[in-house]
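Contents: one structure, followed by commentary.
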Amino acid sequence: MGGVRREPSILHLDLDAFFAAVEQRDKPSLRGRPVVVGGTGGRGVVSTASYEARAFGARSAMPTAEARRLCPPGTAFLGGRFAAYRRTSEVVMALLRELSPLVEPVSIDEAYVDLAAGDHDLSVPGVTALAAELKARIAVATGGVTGSVGIGTSKAVAKIGSELDKPDGLTVVPPGEELAVLHPLPVRALGGVGPATAERLAQIGVKTIGDLHRLSLVDLTSLVGQAHGAGLYRLARADDDRPVVTDREAKSVSAEETFARDLTDPARLAAEIEALATRVGSRLQRSGTSGRTVTLKVRRYDFSTLTRSQTLAHAVDDPRQIAEVAHRLLGAVDRSGGLRLLGVGVSGLSPYAQGDLFAEAAGPAEVVEPVEVVEPAEPVELPADPEPGRAVVAWYPGQDVVHPDLGSGWVWGSGLNRVTVRFEGPRTTPGPVRTLAADDPDLQPADPPDWAP
DNA sequence: TCTGGGGTCCTAGGACCC
DNA sequence: TCTGGGGTCCTAGGACCC
């Protein structure tokens with residue numbers, strides 16, 4: 001097997017029940033209780049269930065209506081506060097970037113780090129100690145959110161490692177032990193094996209990664225396709241040299257909406273198209289990109305789903321142009337019986353809108369610099385035995401605060417004795433980040449946010 | 001009161017070109 | 001006169017991920 005690292009230098013971090021954990025942190029009355037975050041309407045699904053809610057069977061992607069049946073009275077069903085999750089995520093990602101410049105955020109609650117790009121002892125005891133300290137720092141800086149860490153010689157092994165000991169886990173797979181760890185696990189543990197692939201494999205008696213290892217490359221590719229088969233063949237052998245990639249350019253931008261009730265009225269449908277095109281167009285414009293292919297997504301009353309797309313001669317980012325194409329595409333689909341969902345997307349992205357030569361010559365109109373982080377002079381004190389969810393913290397990331405001299409802002413991070421606050425600056429320039437004593441009497445919480453029912 | 005929203009990657013057929 | 005082959009673009013759908 002070629003190209004595999006010899007040292008356990010890939011770290012994977014997965015924050016535990018992240019959205020629910022942030023809610024429990026911000027609202028002490030929710031701690032120890034089942035919490036479900038997701039769509040709260042009739043057609044909503046669960047984004048995240050706290051471990052207390054999982055005990056009753058609530059799971060991600062489950063219809064919220066089903067979670068309501070499973071969970072006892074007193075369970076909190078929350079709609080989600082994405083700004084708070086994003087802020088907390090940024091705090092964690094910043095801690096990861098202190099370990100290495102090579103950080104790949106996979107999603108808001110998950111990231112890979114290539115420790116070989118930092119200055120670290122990459123022995124098994126070395127990376128174990130590093131991960132333990134990272135977990136403690138995360139718990140302190142986020143006010144009690146925990147994460148599970150896996151470390152190994154590849155992304156696949158690190159990711160599986162982080163799954164093995166959840167929540168608040170730490171698993172290091174020593175070099176040479178990869179196959180012993182992988183082979184007893186079900187094939188579903190591998191990234192890229194979902195329900196359909198698992199079912200196909202089960203039909204020929206392949207249940208574990210060890211079973212998968214015994215399959216020939218020809219058998220595997222004939223079963224699941226060329227690219228997928230070749231990928232699984234290598235993963236079963238722990239042969240994975242994928243690099244940690246810091247920033248990937250987006251390939252598409254889309255927005256979609258499931259309606260509370262199916263829509264048939266042409267005027268209502270047209271208005272929805274306009275709204276979706278506006279969301280997509282403004283996001284394209286904000287990121288300075290545009291794309292040539294406009295795609296309409298339609299889900300009918302019976303859940304049958306189809307897409308229709310059109311590729312234009314020039315890239316677009318203008319909501320009116322996007323909507324015009326989407327209207328045309330919708331006109332050609334059967335809407336009888338009603339539509340449950342509409343979506344609008346733009347792909348085939350390239351920088352800058354079509355014909356916008358002046359903008360291209362001048363570069364992006366306005367670049368908002370990343371937040372300047374002022375590190376506290378003294379090292380962050382870590383609790384001797386951090387107890388997730390129980391630590392008494394006065395400040396939490398994302399919390400809105402006010403200061404008589406510095407104005408209003410929000411908490412970027414907090415330690416036992418200090419709090420880092422980003423104060424709002426003028427519209428397009430980020431305000432300063434200031435580190436204050438945690439017991440500074442001038443610093444006060446702003447009005448608490450409203451909570452979803 | 002079954003089944004969200006935002007993405008990525010792959011496959012396969014037809015058009016078109018050389 | 002029996003029937004190429006490779007490459008790219010476009011479209012549609014499906015699997016998968018968080």
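Order of the sequence lines fixes the chain letters, A, B, ..., with proteins taken first and strands second; residue numbering starts at 1 for each chain.
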*Report the distance from atom NE2 of A:H228 to atom C1' of B:dC9, rounded to the nearest whole Å.*
10 Å

*Touch check for A:G38, heavy atoms < 4.0 angstrom, all strands: base, sugar-phosphate only, or nothing?*
nothing

*Over how many whole Å does the gap from A:R200 atom CZ to B:dC10 atom C1' extend?*
13 Å

_Toward the 5' end of DNA chain C, by each residue's nearest nucleotide, A:T305 or A:R292_ = A:R292

*With a 3.5 Å cut-off and no angle check, do the side chains of A:T146 and A:D16 form a donor-acceptor pair?*
yes

_With a 4.0 Å limit, can you tell me whether A:S254 has a side-chain N or O closer than that to the phosphate oxygens OP1/OP2 of B:dG5?_
no

*Using a cut-off of 4.0 Å on non-hydrogen atoms, how would the nucleic acid contact of A:L306 be classed: base, sugar-phosphate, or nothing?*
sugar-phosphate

*asked:* For a quick test of reading the model: is some side-chain N or O of A:R279 closer than 4.0 Å to OP1 or OP2 of B:dG5?
replied: no

*Choosing from B:dC2, C:dA12, C:dA15, which nucleotide comes nearest the side chain of A:P63?*
B:dC2

*Between C:dT11 atom P and A:R308 atom CZ, what is the distance in whole Å?*
12 Å

*Distance-only polar pair, side chains of A:S9 and A:E7, donor-acceptor under 3.5 Å*: no

_Phosphate-side-chain proximity, A:S47 and B:dG4, N/O vs OP1/OP2 below 4.0 Å_ = no

*d(CG, A:L296; P, C:dT11) in whole Å*: 13 Å

*Taking only the side-chain nitrogens and oxygens of A:T258, find out if one of them lies under 4.0 Å from OP1 or OP2 of B:dG5.*
yes

*asked:* Please classify the nucleic acid contact of A:V193 as base, sugar-phosphate, or nothing, using heavy-atom distances under 4.0 Å.
replied: sugar-phosphate

_Taking C:dC18 as the reference, what is the distance to B:dC2 when you measure between their P atoms (whole Å, please)?_
28 Å

*Which is true for A:A255 with a 4.0 Å heavy-atom rule: it touches a base, it touches only sugar-phosphate, or it touches nothing?*
sugar-phosphate

*Hey, does A:V113 have a side-chain heavy atom less than 4.5 Å from the side chain of A:V244?*
no

*May I have the distance from A:E163 (atom CD) to C:dC17 (atom C1'), rounded to whole angstrom?*
12 Å

*Is any side-chain nitrogen or oxygen of A:R299 closer than 4.0 Å to OP1 or OP2 of B:dT3?*
no

*OP1 or OP2 of C:dC16 less than 4.0 angstrom from a side-chain nitrogen or oxygen of A:T197, does that happen here?*
yes

*Are A:L312 and A:Q321 close enough, and set up right, to give a side chain to side chain contact (heavy atoms under 4.5 Å, CB included), and what steps lead you there?*
CA-CA 10 Å; A:L312 311 169; A:Q321 289 180 278; over 6 Å; no

*Which nucleotide, in any strand shown, forms a Watson-Crick or G-U wobble pair with B:dC18, with both distances under 3.5 Å?*
C:dG5

*Using whole Å, report how far CG of A:L339 lies from P of B:dT3.*
16 Å

_Without decimals, in angstroms, what is the distance between A:L235 CG and C:dC16 P?_
14 Å

_Measuring to OP1 and OP2 of B:dT3, would you say a side-chain N or O of A:R340 lies under 4.0 angstrom away?_
yes

*With a distance cut-off below 6.0 Å to the six-membered ring centre and an angular limit of 45° from the axis, does A:R54 pair with A:Y51 as a cation-pi contact?*
yes

_Quick test of your reading of the model: are A:R328 and A:E324 salt-bridged, counting only N-O distances below 4.0 Å?_
yes

_Quick check on C:dC17: is either OP1 or OP2 less than 4.0 Å from any side-chain nitrogen or oxygen of A:K155?_
no

*Just how far, in rounded Å, is C1' of B:dG4 from CD of A:E257?*
11 Å

